[in-house]
Amino acid sequence: MSSENGQGGGGAGGAPPEQLALIRESVREARTPRAKPRTWRGAALAERLPVARVLVDKGVLHLDRYFDYAVPAELDADARPGVRVRVRFGAGRHRVRDGRREGGGLIDGFLVERLAESDYSGPLAALAQVVSPEPVLSEELLRLARAVADRYAGSLADVLQLAVPPRSARAEKRPSPEPLPPPPVPDAGSWTRYEHGAAFVESLASGGSPRAVWNALPGPGWSEEIARAVAATLASGRGALVVVPDGRAAARVDAALTGVLGEGRHALLTADAGPEKRYAQWLAVSRGSVRAVVGTRAAMFAPVRDLGLVAIWDDGDDSHSEQHAPQPHARDVLLLRAALDKCGFLLGGCSCTVEAAQLVANGWARPLVAGREQVRRAAPLVRTVGDGDLARDEAARAARLPTLAWQAVRDGLRHGPVLVQVPRRGYVPRMACDRCRAPARCRHCAGPLEARDAGALECGWCGRAESDWHCPECGGFRLRAQVVGARRTAEELGRAFPAVPVRTSGREQVLDTVPGTPALVVSTPGAEPVAEGGYAAALLLDGWAMLGRPDLRAGEDALRRWIAAAALVRPQGDSGTVVVVAEPTLRPVQALVRWDPVGHAVRELAERAELGFPPVSRMAAVAGPPEALAEFLGTVELPSDAEVLGPVPVPVPVARAGAPRRTGAAPPGEHWERALVRVPPGSGAALAAALKSAQAARMARGSGGGGSASGSGGGGEPVRVRIDPPDIG
DNA sequence: AGCACGCCGACT
DNA sequence: GTCGGCGTGCTC
């Protein structure tokens, strides 16, 4: 075998390809298992552990495995587990130039492990470069990424792209600060407002790993409560991680952490900071200089050492859902971390998701709730009003306010700011009779009429056009859009209350806080500013808009948004009042009135269990062109208890900017179908594995089958697999 | 996605 | 015999 190492008698030109092929053939025939690494021309290798196991940074599923490379002697010192490397990667016979073996192009990867031998029987190519000696992929992070990839039927490389930020050489050069010793055990503070609240904090402080679903009381106390849980964890000598939905929440927890811990003990990881600063913060965490992290969803992978606590705030907010493949949800990533690291877990919010209720129902987490007396003390008074009841007052009519709502605003403005929550623009503009406000319905199927771009009317259910509408209730023939944007509501309210200032907060411009003086604050859901001293009143105007959506989560979402706004209002004892304009008999409306988000989630959970809906069942959505989807469903070996629903036609998804560029747009006339695959609890992992391997198998073959290799684009038709789709009807 | 390998038909 | 078409499969 000496011919493999000392290649071809040392001629400077290297061996001709045919000879190399022969050599390789002989290697194959010998089937030498656990071959020693060989490089062409026998470049000097690392003496110890000359094999590097590398994760090649390509998201493609059928490459979702490790590749072994030889470690040249000169890279020996830097080529440690976790570093970023570059390797030659490509198919076919390799040219030999300057005595080096060259395959395809250089691509990035992570060195996962150093080994004495490879179990690959062919000759190993050498590592081309160690990009940086910084070990960015720790064993724990790799383990987590692997678990997330498995859970979401995605590739490890895709997950690592989310978990490890891009390198910045300058940030790496800066030394991270010295780690501080653990802080003293903090006081339980306002955790005493909750049953078992103090015990939870004490358990963290003494090195325990309690798991809790926390229903936070309304008001501003939550951020400090999170900070105290973090401080308790640090006091035990362990690290802590907090994930929040947006930059504003992150800033609040950041401030609370500074208040409880002082400076220098925690890092803030948000998208606002530039890439370099962000990477520097990440490195400080990775190096163990900083033991506590608060951040938005990308922080869910933050490489906090020796985790003692993972926490997520407001898990129902959809920004916790990662946009990039394989679209993991922060709650699930933190659940995986809690399980892998056996650390504490805290899921909190003023509202309660069905998933949170399930964690309690199946005994994985304990509830952390306040008694009814505490709730009564902290929550505002909530009243409901149907939207047919228009005020008599002329100004209120113009602003389309029912009497009760009008009075609540007027009374509230005597004592402080009043919050008005209006639907976000872009919500489906449903139509109603201009005269009697009866909803405009399709005459064929009674579906809701919607205004299309050109102003034409169309049924939202059956799609039939309506050109000659008149109101069956009052005979009116003029329609109005039921949803008006924040700006118009603000204008109308401004006219209705000319003496007070009007402020708006929405997507374009989000206000963080407003002063405690009388003002109308018009905001879309999620953008509500915090008022100094709390709002005197809130008016929730988008009831039907949120409840009307044909979505499994419509009720839960509406309640969550109402509660988020109502939680900013003063307690009932300080005459804080909330008026919600929505049908009072609806379940989420009643839950708001009773301030019982947990009860609502528990009932939803029971209903979903009965209907076999997520999260009680695990679902996956598979979408693609009909033939490709049919072929995929024919191939995939689903677990025996899986159930396929559909397929049904769905709109072709628009290619997002930043997504891998596919040639051209979707051909006109193309349509997609989507099937849902459902499995009972416990079969989720099997489902993900089955979908992943079927997807991987597809990559190798073309879509084959139906001979219509019809021109456009060509190549294997994409089938999209999405675990836990957020938007099932 | 690339790229090489191989099997099969056509041409010097 | 040898060149080169494209179909298939692999990438350490």
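A note on names: the letters A, B, ... follow the listed sequences, proteins ahead of strands, and every chain is numbered from 1.
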In whole Å, what is the span from the CG atom of Asp64(A) to the C1' atom of dC10(C)? 16 Å
Leu124(A) CG - dT11(C) P separation (whole Å): 12 Å
Would you compute the distance between atom CE of Met300(A) and atom CG of Asp332(A) and round it to the nearest 0.5 angstrom? 9.5 Å
Identified side-chain hydrogen bond (donor to acceptor under 3.5 Å, both in side chains) counterpart of Asp108(A) within the set Arg86(A), Arg84(A), Lys58(A): Arg86(A)
Rounded to whole Å, CZ of Phe67(A) lies from C1' of dC12(C) at a distance of 7 Å
Quick test of the criterion, 5.5 Å between centres and less than 30° between planes. Is Tyr120(A) stacked on dC12(C) or not? yes
In whole angstrom, give the distance that lies between atom NZ of Lys58(A) and atom P of dC12(C). 11 Å
Could you pull out all residues at least two apart from Glu673(A) that satisfy salt bridge (charged side-chain N to carboxylate O under 4.0 Å, His left out)? none
Starting from C1' on dC12(C), measure out to CG on Leu111(A) and report it in whole angstrom. 13 Å
Measure from CZ on Phe89(A) to P on dG9(C) and round the result to the nearest Å. 17 Å
Which residue pairs pass the salt bridge (Lys or Arg N to Asp or Glu O under 4.0 Å) test with at least one member in residues 277-303 of chain A, sequence neighbours excluded? Glu134(A)-Arg287(A), Arg297(A)-Glu322(A)
Roughly, in whole Å, what's the span from CZ in Arg88(A) to P in dC3(B)? 12 Å
Atom CD1 of Ile107(A) and atom C1' of dG2(B) are separated, to the nearest Å, by 12 Å
